[in-house]
Participant: 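Questions regarding the structure given below will be posed in turn.
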Amino acid sequence: MIKTVLVSGGAGFIGSHVTVELSQAGYEVVVADNMSNCDDTNYKGVCAILGKEPPFINMDFCDSSAVAKLFADYKIDAVIHFAAFKAVGESVAEPLKYYRNNLLSFLNVLEAARQSGAAVLFSSSATVYGEPEELPVTEASPRLPATSPYGNTKQICEDFLRDCCSAYGLRGTALRYFNPIGAHPSALIGELPRGVPNNLVPYITQTAAGKRERLSIFGNDYPTPDGTCLRDYIDITDLAKAHVCAVRRMLDGKMESGYEVFNIGTGRPVSVLELVNAFEKVNGIRLNYCFAPRRAGDVTAVWADPSLANEKLGWKAVRSVEETLAAAWAWEKRISLHEE
Ligand code: UDP
């Protein structure tokens, strides 16, 4: 029996890559998105990669009747929830917008799962670890108080899922992503930030493409080997494959408890400067960059201990930073040329 997986926010950066990997692994995928933060570039790319069009529903997950209708129209075995606002700075300025959207949409998903019995995968984040005292972080590392409403919604949604699994016997998984970067090897799907990118890699590729004059490296006085922050950059295709493993584990009845949490990272800390240097080297480009003051809210260092996911999900990140940065640049070139 072919299983059906609903991907909310499936037209976005992570959702589109997950749609591809699930579909290629033999799942039927239903894509739903309200297109509030993207256009149809990635959905079209998904169709081109797969050679078919997964069903697409334009809908808002805050609309409970639309969510109920979706679950009535399709027999959903599992739902992966990406549909959420994700700009940290904006969440500080507009907390109600973030709490309303990110919490209500997930409550509607949980209600539909309670009624249908669908398994639920929530896209969480390493942001729940804050500035960790011990590195690398394991799933047992403490969750520290969130420093933004966005980060808080990740913690709250994890708790929603945990409590619903325990009360209603649902199956739930939270994947805590470290720093997802790169693009599909086909260069047909990738990251498409609106306006000035907040994240490092899109800023790098847009600078290389001449869309931005100069990259600012935020802080070179951190207590790290080269003074710049350390992160765990994970290839988007590697990250997407972790979702296939987690869905399979839930649907095949392999979970050890109703609610499980996994770190999705490489276990390898990379500094901002190392990442910039790797981008320059692998793509043969000199990047215009300068050192700038620290960015408010940034933690010094965070990287994963991914051994639980390696063992229980049978998943491991395999792509090198160089491969990933080459893919990010191939995607940027395609998008930049397309726009001109
Ligand atoms: N960063 C930077 N310049 C930029 C964007 C990001 O130096 O234009 C740094 C940022 O300070 C952090 C790292 O790159 O140390 C990763 O930032 P990003 O926003 O991509 O992800 P985060 O770790 O904040 O979720």
Side-chain angles (χ1 to χ4, degrees), residues 12-14 37 82 84-92 98 123-132 135-137 143-144 146-155 175-183 190-236 239 263-280 287-304 321 324-325 328-329 331-332:
F13 173 46
I14 303 180
N37 196 32
F82 293 112
F85 295 146
K86 60 174 185 178
V88 177
E90 188 190 33
S91 81
V92 174
Y98 273 67
S123 58
S124 191
S125 165
T127 187
V128 302
Y129 297 118
E131 177 87 68
L135 287 161
V137 289
R143 289 189 327 183
L144 299 181
T147 54
S148 71
Y150 164 79
N152 208 12
T153 64
K154 291 296 181 195
Q155 298 204 8
L175 298 185
R176 292 177 179 158
Y177 312 145
F178 283 68
N179 287 59
I181 61 165
E191 208 165 355
L192 273 175
R194 286 210 166 146
V196 182
N198 287 313
N199 295 116
L200 178 60
V201 169
Y203 210 106
I204 290 175
T205 59
Q206 290 196 8
T207 305
K211 288 186 189 168
R212 309 278 156 214
E213 197 189 328
R214 188 167 58 179
L215 168 77
S216 293
I217 294 182
F218 299 136
N220 63 346
D221 58 350
Y222 283 98
T224 60
D226 66 18
T228 67
C229 294
L230 297 170
R231 294 288 183 275
D232 186 333
Y233 296 96
I234 164 105
D235 182 272
I236 186 65
L239 179 112
N263 283 343
I264 303 300
T266 67
R268 175 185 62 202
V270 172
S271 78
V272 176
L273 205 50
E274 283 172 327
L275 197 84
V276 167
N277 291 336
F279 179 87
E280 292 186 316
L287 204 68
N288 189 14
Y289 69 83
C290 64
F291 293 109
R294 293 181 179 194
R295 181 171 72 176
D298 276 344
V299 299
T300 302
V302 61
W303 69 93
V321 160
T324 304
L325 292 172
W329 179 228
W331 161 252
E332 179 67 54

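Just so you know, residue 1 is the first one in the sequence shown, and it goes up from there. Values below: all heavy atoms of this structure, side chains included; hydrogens, waters and symmetry mates excluded. Both counts, for ligands and for their atoms, begin at 1 and track the order of listing.
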Participant: Knowing that exactly one of Leu275, Val276, Ile236 qualifies, which makes a side chain to side chain contact (heavy atoms under 4.5 Å, CB included) with Val201?
Facilitator: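 Only match with Val201 under side chain to side chain contact (heavy atoms under 4.5 Å, CB included): Leu275.
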Participant: Can any side-chain N or O of Asn263 pair as donor or acceptor with the backbone N or O of Arg176 at less than 3.5 Å?
Facilitator: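 Not a single qualifying donor-acceptor pair exists.
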Participant: Tell me whether Asp232 contacts the main-chain N or O of Thr266 through its side chain, where contact means a donor paired with an acceptor under 3.5 Å.
Facilitator: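 The answer is yes, because a donor-acceptor pair under 3.5 Å joins these two groups.
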Participant: Just checking, any donor-acceptor pair under 3.5 angstrom between side chains of Tyr98 and Glu90?
Facilitator: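 There is such a pair between these side chains.
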Participant: Side chain or backbone of Leu200 under 4.0 Å from ligand 1, or both, or neither, by non-hydrogen atoms?
Facilitator: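 Near ligand 1, Leu200 shows its backbone as well as its side chain.
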Participant: Could you see which bit of Thr127 sits under 4.0 Å from ligand 1, with heavy atoms only: side chain, backbone, both or neither?
Facilitator: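 Thr127 to ligand 1: no contact under 4.0 Å from either part.
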Participant: Give yes or no for whether the N/O distance cutoff of 3.5 Å, strictly under, is met between Tyr203 and ligand 1.
Facilitator: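 Tyr203 vs ligand 1: no N/O contact under 3.5 Å.
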Participant: Where on Asn199 is there a heavy atom closer than 4.0 Å to ligand 1, on the side chain, on the backbone, on both, or on neither?
Facilitator: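 Both backbone and side chain.
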Participant: Under 4.0 Å from a heavy atom of Val272: which atoms of ligand 1 are those, numbered in the order shown and with their elements?
Facilitator: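 In order of number, 7 (O), 9 (C), 13 (C), 14 (O), 15 (O).
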Participant: For Ile217, take its heavy atoms, then give the atoms of ligand 1 lying under 4.0 Å from any of them.
Facilitator: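 What qualifies from ligand 1 is 7 (O).
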Participant: Provide, to 0.1 Å, the distance between atom 23 (O) of ligand 1 and the closest protein heavy atom, together with that atom's residue and name.
Facilitator: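 Result: Arg231 NE, 2.7 Å.
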Participant: Which option, Arg295, Lys86, Gln206, owns the non-hydrogen atom nearest atom 17 (O) of ligand 1?
Facilitator: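 Nearest option to atom 17 (O) of ligand 1, by heavy atoms: Arg295.
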Participant: Can you name the closest pair of heavy atoms from Thr127 and Gly151 and give their distance?
Facilitator: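 In terms of heavy atoms, the two residues are closest at CG2-CA, 4.1 Å.
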Participant: Starting from atom 11 (O) of ligand 1, which protein heavy atom do you reach first, and at what distance in Å?
Facilitator: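 Among all protein heavy atoms, the one nearest atom 11 (O) of ligand 1 is Asp298 OD2, 2.5 Å.
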Participant: Can you report which non-hydrogen protein atom sits closest to atom 5 (C) of ligand 1, along with the distance?
Facilitator: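 The answer is Asn198 O, 3.4 Å.
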Participant: For atom 15 (O) of ligand 1, which of the options Cys229, Ser271, Gly219 provides the nearest non-hydrogen atom?
Facilitator: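 Among Cys229, Ser271, Gly219, the closest heavy atom to atom 15 (O) of ligand 1 belongs to Cys229.
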Participant: Take Ile217 and Tyr203 through the test side chain to side chain contact (heavy atoms under 4.5 Å, CB included) and record every step on the way to the result.
Facilitator: CA-CA 10 Å; Ile217 294 182; Tyr203 210 106; over 6 Å; no
Participant: Please state whether the rings of Phe279 and Trp329 are parallel, tilted or perpendicular, taking 30° and 60° as the class boundaries.
Facilitator: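 It falls in the perpendicular class, over 60°.
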Participant: Quick one: does Tyr289 get within less than 4.0 Å of ligand 1, heavy atoms only?
Facilitator: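 No.
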Participant: Which option out of Phe218, Phe291, Tyr233 puts a heavy atom nearest to atom 16 (C) of ligand 1?
Facilitator: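 The residue whose heavy atom sits nearest atom 16 (C) of ligand 1 is Tyr233.
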Participant: Can you tell me how far apart CZ (Arg294) and CG (Asp221) are? Round to the nearest 0.5 Å.
Facilitator: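 Here the rounded value is 4.5 Å.
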Participant: When rounded to the nearest 0.5 angstrom, what is the spacing between CZ in Arg231 and CD in Glu274?
Facilitator: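 If I round to the nearest 0.5 Å, the distance is 13.0 Å.
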Participant: Could you check Asn220, Asp226, Asn277 and say which one makes a side-chain hydrogen bond (donor to acceptor under 3.5 Å, both in side chains) with Ser271?
Facilitator: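 Among Asn220, Asp226, Asn277, the one that satisfies the side-chain hydrogen bond (donor to acceptor under 3.5 Å, both in side chains) with Ser271 is Asp226.
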Participant: Measure Asn179 to ligand 1 on non-hydrogen atoms and call it side chain, backbone, both or neither using the 4.0 Å cut-off.
Facilitator: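 Contact part for Asn179 vs ligand 1: side chain (C-beta onward).
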Participant: Is ligand 1 under 4.0 Å from a heavy atom in the side chain of Ser216, in the backbone, in both, or in neither?
Facilitator: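 Under 4.0 Å from ligand 1, Ser216 contributes backbone atoms alone.
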Participant: Can you tell me which portion of Arg294 lies within the under-4.0 Å heavy-atom range of ligand 1? Options are side chain, backbone, both, or neither.
Facilitator: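 It is neither; nothing of Arg294 touches ligand 1.
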